Amino acid sequence: MLPRPLLALVAAAIAVAAPRAARADDDLTAYAVVVGSNPGGAGQAELRFAEDDARRVAEVLRELGGYRPADIELVLRPEPAAVLAAIDRVAARAAADRAAGRRSLVFFYYSGHARATALNLGDGELPLAGLRERLLTLPSTLTVVVLDACQSGAFSRVKGTAPAADFSFNSRARLDASGIAVLASSSASELSQESDLLGSSYFTHHLVVGLRGAGDGNHDGRVSLDEAYRYAYHRTLVATAATAVGRQHVSLEVDLKGQGEVALTYPERASAHLVLAPALAGDILVERRPAEAVIAEVHKVAGAPLRLAVAPGTYRVMVRRGDALVRCPVTVGDGGVATIDGAAGCDRVPLVAAAGKGAGGPRWQLDLAVGLGQETDDAYLDRLRDFEYDGGRVAGHLTSSALLRVHPMVSVGGELGLTASSEWTRGTDAEPLTFAWWTGTAGAAARGAWNRPGATLVPFAQAGAGLSIGRTRFRDDQGTTTRDTFLGWYLAAAAGLAWTPFDHGGFSIRARWSHVPVIDNLLGDTHDAGGVSLLTGVHIVL
Amino acid sequence: MNRRLALSSLLAAAAASQLGADGCPGQLIDDRGFDLWCGDQLCSWQLDRGEIARVPTWHRGDDGVALLGPDTRISQRGSPYVLATCIRFTTIAHVDEAAQVTLDLDLDLDGVIDHSERIPTSDWARITFLLPVEPSRGIDFQLTRSGGGEVVLASTGAELADGCTGTPIGPRATVDGAGVGP
């Protein structure tokens, strides 16, 4: 549900729409100033995705908006003067168009930090008043301003300081002018957020997805400002409903005064399309491969197709419906259309992989692995050799762990380990002497895993520490066996890959290093019974 | 010299298939690990004088021999007919600073010590002597301690080797080719 004031504004804009929509590439020349700035000012943490968001916006304008590359001013991490200079250059071109009797549209986008009175561009500030004057006095026929101003938070970075200082709210009030529309990332009482999962701000991500065709509500092959707003509004609201910061309402204020419906993009003209089949329903994630960049994250209901304009290339479409997760690899060429119905060419994957970054996925990981390793060559082994014992440095390893996920990428719990040495022997004039040992470890462990949506192959690193026990077995030339027990501590670290092709698990492989200084001899040497090992085993998720 | 050449010829055939004292190729003495004990005495080594004891080394199940008292000697005769020109003698020794331990060789078993090497102060280090020798009717290996402090020997052996340099040790000969090495 849209806020009433905004509904009224949108309705007003639609009411004054001219019969013929403005087109960005025939009678309306389009220019863009796209600004992205990650650095924050004093007291503001650096953003992660503001500059990437600017690149995405510039890309979608070039691909689908009819903007010539030369007409897009992409300004990244700028000083304030660079932003004003870019606006001035666009203003000069719009003035030339006006002098020649041509209509023009200027699209201004900003993603970065802001306070109530200025944009924060790293250590520099761009006063809001100056920006306002530049935008209000643009000689363009239409001006579309998109503001994604922000500050950082914790898990989802927060955009904007206190709600009262929200740039979008203040700037909208001041930018109210004829032939201008302001699309802002949040309302006056809210903060804006970034998403680690999307690799973008929620708002810009959904705006771009809408511009790629998901927002084309009337299926006329183009996405208008109003359609982009409606799509971004709903999707941003839904996506932020469960975040710690809270819901985020996108706002739109327009004063086009007879300028007609403003078409921002023309997905129908894209060189390649992904079409989500009418019957397909669920939460759908589209990733570009191999970069794994999230192109779209949409919720689709059955009944109508959803057409997304994309660049030719390889994509992976993940469809989740209930507890079922389906992965569909897709390649679409120049001029091609690939239809995804969730069946043909798709395979089902365990839900754990897709939910690895969410809050509702599997919480327990159980691992059991076996392998071989190399004993640490230390003074203890040197002593055995001095006393003419022969033995290998190969040791058998068995490890297990039970870890509870406490963060999308972090699990903690316990681990057990068992290591068995090779047998060392020394010949005598009677029976040979034999010597061997094993060590057991028990301790706490923590694992960091690079979970990605839909990924079945997850790299991880694990560390552990705790107590150890060592047992030696010595058999003399009379067949008498002597056993000794030692107690100590251990440290361990491992890195590997977990492959989960099944619903509740799969396999893992890891390289492990451990330091287990627990076995002593009578001459003061201590053996590190750990060493480096390579293990493989089963990986269970519950 | 003629006598030695004749002896060499006589022993050549036996030496060609020589296996050593304990059946291991090239080994000249038995029970190199001091593993075989007959009561409180070593089975393969002879206690010439003094007192010895069975003591643990790196592990309580792997024994060595402690040479006790101010004057103790153990000995073992090597193969009775040895065509050896180079012998590697090794021992793992724990020798206190106050103690003196020597390795003495009696070639031809005539009761005359033909060569001596001092086993230095050591904390369980492996000590090796590379000894050039002339062929002989046999070698008596003698380990003697004197002075105070603790002396424990383990993993003590003698075997045929290569790489000796210097004048071969003969009966009553002097030698400059022996040394201590790893």
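Naming: A, B, ... by sequence-line order, numbering from 1 per chain. Source: prediction; values computed, not measured.
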Original post:
If you count heavy-atom pairs under 4.5 Å between each of Asp477(A), Thr472(A), Asp476(A), Thr481(A) and chain B, which one has the most?
Top reply: Asp477(A)
Original post:
Side chain, backbone, both or neither: which part of Arg426(A) has an atom under 4.5 Å from a heavy atom of chain B?
Top reply: side chain
**OP:** For Asn521(A) and Trp58(B), work out which heavy atoms get closest and say how close.
**Re:** CB-O, 3.4 Å
Original post:
Can you tell which of Thr57(B), Asp123(B), Asp62(B), Leu36(B) has the highest number of heavy-atom pairs within less than 4.5 Å of chain A?
Top reply: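 With the most close heavy-atom pairs to chain A, the winner is Asp62(B).
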Original post:
Could you state the interatomic distance from CG (Leu523(A)) to CH2 (Trp124(B)), rounded to the nearest 0.5 Å?
Top reply: 6.0 Å
Minimum side-chain heavy-atom gap [X]-[Y] below 4.5 Å:
{"X": "Asp484(A)", "Y": "His59(B)", "answer": "yes"}
{"X": "Ile92(B)", "Y": "Glu388(A)", "answer": "no"}
{"X": "Leu522(A)", "Y": "Arg60(B)", "answer": "yes"}

Subject >> Neighbour count above 12 (heavy atom, 6.0 Å) for Trp499(A) CH2 >> reply: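 Not more than 12 within 6.0 Å, no.
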Original post:
Which of residues 432-443 of chain A get closer than 4.5 angstrom to chain B, counting heavy atoms alone?
Top reply: Leu433(A), Phe435(A)
Original post:
What parts of residues 373-386 of chain A touch chain B if we use heavy atoms and a cut-off under 4.5 Å?
Top reply: Tyr380(A), Arg383(A), Leu384(A), Arg385(A), Asp386(A)
Original post:
Checking Asp63(B) against chain A: side chain, backbone, both or neither under 4.5 Å from a heavy atom?
Top reply: neither
